[in-house]
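I have placed the structure first, in the form of C-alpha cells, so that the comments after it can refer back to it.
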Amino acid sequence: TENGDSRGRSGSLSAPPPLLEEAVQKIDVNPPKGTRDFPPEEMRLRNWLFHNFREVSGLYGFEEVDFPVLESEALFIRKAGEEIKDQLYCFEDRGNRRVALRPELTPSLARLVIQKGKSVPLPLKWFAVGQCWRYERMTRGRRREHYQWNMDIIGVPEVTAEAELISSIVTFFKRIGVTASDVGFKVSSRKVLQEVLRCYSISENLFGKVCIIIDKIEKIPMDEIKKDLKSVGMSEEAVEDLLRVLSIKSLTKLEEILGGPGEAVADLKQLFSLAEKFGYSEWIQFDASVVRGLAYYTGIVFEGFDREGKLRAICGGGRYDRLLSTFGGDDIPACGFGFGDAVIVELLKEKGILPELSLQVENIVCALDGDLQGAAATVATILRDKGQSVDLVLENKPLKWVFKRAARINAQRLILVGNTEWQKGMVGVKILSSGEQYEVKLNELE
Ligand SMILES: OCc1cccc(Br)n1
C-alpha cells in the first residue's frame, strides 16, 4: 500500500480468521508453467504492441476477426511431421470430443472463410491478434503460450499479395523504431523445392514432409537432415542436389541451377520488383534455405530475422493455396503471416528501444474531511463526464499519503475538496508539476 505497511484500519497485524468453511489451502500464486501474467507494466507494453499491430492492419485496409482459442483437434492434424502437431495442446472434453488449444490462427481463419462461403466477396483482407498454445516438455523451459498477430489475404493468386503483406510488416517495424539495419526478411519459394523434387520424380505427397525436414536445417546436424531425407525416400544424389540448391543466395544462380526460368524464379523476380516499388528492397534478400515449418505453404515463403543472429525468427509467413481445399472448401488462393509477441520484445530490449510507458492520470481527487467523501465523488463525476481521468481517493487518508500516491500514478493535478471552499461552491486545484495552486468554482472546473 502507499504507506508501506499492510495494516487494515483496525491496525491489527494478524488477519481475521477465514470466514470459509473449508480450511485455507495455500495456492501457488504463479501462473501455470510456460504461461505469463501481465501485471500493469507488462500489460502497457503488450497494449502498445497490439495497438501498433492494429494500427498497421488498419493502414492496409484489413478487417479484424477472431476465433475460439479452443478448436476441434482435427483442424491441426496434418501428417507432415510438424513440430506444431507434436506439441498440440489437445484433450478430450466432457462430451468426448477431441479438442485443442489453437497452436496457430491460420486453420481457424480458413475454417471461417469456408463457413462464410460466397457470402463474403473476395478478396478478403483479415487480421487477428490471438493467443496460441503448444504443450512442450518444460525441459526446454520455453513458453507454452504466445500472442500472434496474423494478416491474411484470401482470394489473390498474384505475388502482389505477398508483397503487400511484407510491406505491412516493414511499416510495423518502422513505426516501432526498428530499421533495415536491425532486421531483414529472407524470402524464397517452395516452388524451388517442388522443381528440384520433380527433377528427381519424387512424388508430390512427400513435399510437405521434405519441407518440414528442411526447415530444421539450422536446428539439427546436417547428417541427421540427410538421414531424414533418405528415410522419406530420397536418393543420395537427390539429397545432395537439393541441399546444394538450398544453399543458393542469388536468383540468377538459382535460375542457372534450375535450368531456366520456372514459376519459382518468375514469382521471386516479381516479388523483388514489387519490393522496389513499395520501397523496401533493402529489407529483403533471396535465401533458398527458407522453407518455414508449416506443411501447408505452397509458394513464396518469408521470415523476419535479426541481422545480429541472436534471436529466433521474428515473424514468418507465405502462400498456402491448398489449405482451404484440404478442409473441403473451394480451391481459393491465400497467403498470410504470423508475428509473435515475444521475440520482437527481446529485439527491442537488445536495441534499447523499448517504449517508455507509464500510468498517466490527469486528476487525483481527495476529500480533506471524512464527511466530504460524497462531495469528492461529485467532483470526480463532473471531471469524468468531461472525459478527464480521475483517481478518486476512496478512504480518509493523510495528505502525505495522497501526495505520495499522486506521484506514483503520475497525476497531473490534485483536486482538494475542503469544507471552507466547498461552502463557497469551490474546490482547490494544485498543478503538481509546477506547484501552482488556486481555487476554482465547481461549474468552471475543466
Ligand atoms: O511459434 C510456435 C508457437 C506456437 C504456440 C505457442 C508458442 Br509459445 N509458440
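Worth saying up front: this structure is predicted, and the values here are computed from it rather than measured. Every number for a ligand or one of its atoms is a count from 1 in the order of the listing.
Ring centroid separation for the pair Phe62 and Phe127 does not come in under the 6.0 Å cut-off. Ring to ring, Phe339 and Phe173 are close: their centroids are under 6.0 angstrom apart. Between Trp149 and Phe337, a ring centre-to-centre spacing shorter than 6.0 Å is recorded.
Put simply, the side chain of Asp287 gets close to the backbone of Ser289: a donor and an acceptor are under 3.5 Å apart. Side chain of Arg78 to main chain of Tyr296: no donor-acceptor pair is present (N/O by atom type, distance under 3.5 Å, no hydrogens or angles).
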Output block, N or O contacts of ligand 1, threshold 3.5 Å exclusive:
{"residue": "ligand 1", "atom": "9 (N)", "partner": "Arg134", "partner atom": "NH1", "Å": "3.4"}

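Heavy-atom contacts from other residues, nucleotides or ligands closer than 6.0 Å to CZ of Phe207 number more than 12.
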